[in-house]
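Inspection log for the structure reproduced underneath, given as structure tokens.
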Amino acid sequence: MSATRETGAAPAFDVAVVGAGPAGLAAAAAAAAETARVVVIDAAEQPGGQFWRHRSEAAGIADDGSLHHGWGEYLELRRAFDAGVDSGAIRYLPATSVWMVSPGRADGHSFTLRLAPAHGGGSSDTPTVRAAKLVIAAGGYDRQLPVPGWQLPGVMAAGGVQAFVKQNGMLPGRRFVIAGTGPFLLPVAQNIVQSGGTVAAVCESADLSGWIPRAHRAAGVPSKALEGVGYVGAFLKHRIPYRTRTVVAEILGDRRVEAVRTVRVHRDGSTVPGSERTIDGVDAVGLGWGFTPQLELPVQLGAPTRQDVDGSLVCVVDDAQRALPGLFLAGELTGVGGAALAVLEGRIAGRAAGAEVAGRTAAATPAERRSVARQRAFANAMHRAHPVPAGWQERLRADTIVCRCEEVRADDILVAREALAAEDLRTEKGMTRAGMGWCQGRVCGFAVSCLAGGSSPAADSLAQSAKRPLAQPIPLGVLSDLD
């Protein structure tokens, strides 16, 4: 094993892994197995990521895994991770964010990572680390589309509802409507009823017929079919209404969510006449239209990107998960595909990074390549069967808030587009302040890019949202302490 080196006050490692979710845990264990000295930096206070977010270990609360899929695999990955930490092969920095990363040398084969506390002010106990190789497994977050009334208290991202339940063991409401598109809506609804809540409706904008020509892709990943059977059973048992080709047209309430107005839509996104329905007595709404990869760090390093079939900007890698010399990416960064694919990619990336430190090469095995191909084919089929629905822009009102941080309305964005030629996200940001707030366009970036472009988002506009010199909000003192 390579010894930890010191450059000034900054510890140096063979491999740095950013993120401790499915991809990050797998990468760390694989790199450590190659006798590399590994550091894992994660914004959460305990490993697991968003997918395996669970009850507080610091508080001594045991999680039985009942709200999770693949919990057995998490426990296996966690045992390997903990063993690496105990042996000294892995150094773990929780509740810590990487806010900037840069090549340490001109050839790009080493990296400097600037760190800050993930929550609150102050400075990190380890403000800087260096690594010969870097694996970024930062995951993603819920993609959102604006809806009239979505700024009301009680409206959350669907992933936020699930994360709240998994981490706290309680619900952020009593009676929910879950809406958007994609299979992820199903486990969110299931977790709610498992925790004692009620789901008034799950509104899926697609009609599911898109799966018919892609059934062979689903057959290639039978575990997904078994998950689906479980969801069907839960929906039948708890009598959860599942309404296809249905969207939330408006969220109603005075000071918080009180009701939801839904409509059915044609394939072109137009409203079906007479289909309007109001669901009263709702105090929480979860919205989700797929996921957006968290690309700030790889984009800082110049990683190549492309637009995926779901419209998201993703990074391009080779069969060793390498994006640039010394830089490896795994999980949602290379295309949203779920936890099983993230674990596969993380294992490949970590092994390749660790092997390079030892002067060897290691790419995916033939079996791993086949597994990745099957998982990726399923993900592509899912994206095509559950696209962002047409017509959502026409359902906005002039006063609908699009950027909630800066309270920028839909008509502000459209006026800037038509009168001021603000046809991309960056120009809209300068003209209207959309994307200039606390989240820096993470929530509204996709929608603003669509509205500015007139229809679907352009890759260049999405790339503007990913280009953030500071990957997260940090205290000013962190900047003043830079050497």
Side-chain angles (χ1 to χ4, degrees), residues 20-22 42-75 78 94-95 118-119 139-144 150 152-204 227-228 230-242 248 251 256-257 260 279 281-291 332 336 338-339 342 443:
D42 189 49
E45 296 180 354
Q46 58 193 26
Q50 295 295 342
F51 187 75
W52 286 315
R53 182 185 287 268
H54 54 280
R55 304 300 301 280
S56 172
E57 297 173 18
I61 303 175
D63 196 311
D64 61 6
S66 60
L67 297 177
H68 300 269
H69 285 286
W71 188 246
E73 184 169 30
Y74 166 70
L75 294 178
R78 183 64 187 274
H119 315 289
Y141 46 90
D142 292 70
R143 182 165 58 196
Q144 296 291 287
W150 76 316
L152 286 169
V155 180
M156 302 175 66
V161 174
Q162 187 184 62
F164 190 98
V165 175
K166 287 181 175 181
Q167 182 164 332
N168 300 301
M170 58 188 296
L171 291 165
R174 297 181 302 277
R175 191 165 186 257
F176 293 75
V177 168
I178 305 300
T181 191
F184 180 65
L185 304 181
L186 306 180
V188 175
Q190 184 183 52
N191 287 166
I192 289 170
V193 296
Q194 283 177 299
S195 303
T198 301
V199 178
V202 172
C203 301
E204 163 63 62
E227 278 188 36
Y231 296 139
V232 170
F235 273 51
L236 291 174
K237 177 181 177 181
H238 296 279
R239 299 182 180 180
I240 301 174
Y242 184 71
V248 170
I251 300 169
R256 61 166 297 112
V257 175
V260 167
I279 305 175
V282 173
D283 63 350
V285 176
L287 302 174
W289 307 92
F291 294 90
E332 312 293 53
V336 175
V443 175

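Side chains are part of it too, since the values below use all heavy atoms of this structure and drop only hydrogens, waters and symmetry mates. Position 1 is the first residue of the sequence; numbering continues from there. Quick caveat: nothing in here was measured; it's all calculated off a predicted structure.
- When atom types are taken as modelled, the side chain of D142 and the backbone of G288 share no donor-acceptor pair closer than 3.5 angstrom.
- Exactly one of I240, L287, I192 qualifies for a side-chain contact (heavy atoms from CB on, under 4.5 Å) with I178. That residue is I192.
- Between V202 and A189, the shortest heavy-atom distance links the atoms CG2-CB, 3.8 Å.
- Proximity of V248 to W150: side-chain heavy atoms (C-beta onward) are nowhere separated by under 4.5 Å.
- With D283 contributing its side chain and R175 its backbone, the two residues share a donor-acceptor pair below 3.5 Å.
- Using cut-offs of 30° and 60° for the angle between ring planes, the W52 and Y74 rings count as tilted.
- The side-chain heavy atoms of F176 and V188, taken from C-beta on, include no pair separated by under 4.5 Å.
- For the atom pair CZ of F184 and CH2 of W289, the computed distance is 14.0 Å after rounding to the nearest 0.5 Å.
- The shortest non-hydrogen separation linking A342 to P22 is CB-CB, 4.2 Å.
- How far CG of L186 is from OH of Y242: 5.0 Å, rounded to the nearest 0.5 Å.
- The shortest heavy-atom contact between A284 and V282 is O-CG1, 3.3 Å.
- Between V199 and H238 there is no side-chain heavy-atom pair separated by less than 4.5 Å.
- Counting heavy atoms from C-beta outward, M170 and F164 have side chains that approach closer than 4.5 Å.
- Dense packing is recorded around CZ of R256, with more than 12 heavy atoms of other residues, nucleotides or ligands lying under 6.0 Å away.
- Counting only heavy atoms from C-beta outward, the side chains of V193 and K237 never approach each other to under 4.5 Å.
- Between V161 and P172, the closest heavy-atom pair is CG1-CG, 4.5 Å.
- When all heavy atoms are compared, the tightest approach of R53 to K166 is O-CB, 3.2 Å.
- In this structure, a donor-acceptor pair under 3.5 Å is present between the side chains of H54 and Q46.
- Counting heavy atoms of neighbouring residues, nucleotides and ligands inside a 6.0 Å radius, atom CD of Q194 exceeds 12 of them.
- Closest approach of L185 to A179, counting heavy atoms only: CD2-O, 3.9 Å.
- Summarising the geometry, atom CD belonging to Q162 is positioned 11.0 Å from atom CE belonging to M156; distances are rounded to the nearest 0.5 Å.
- With hydrogens and angles ignored, the 3.5 Å screen pairs a side-chain donor or acceptor of E204 with a backbone N or O of G182.
- Atom CZ of R239 and atom OG1 of T198 lie 12.5 Å apart (nearest 0.5 Å).
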Check your understanding: Does the side chain to side chain contact (heavy atoms under 4.5 Å, CB included) test come out yes or no for Q190 and H69, once each step is laid out?
Key -> CA-CA 12 Å; Q190 184 183 52; H69 285 286; 4.1 Å; yes
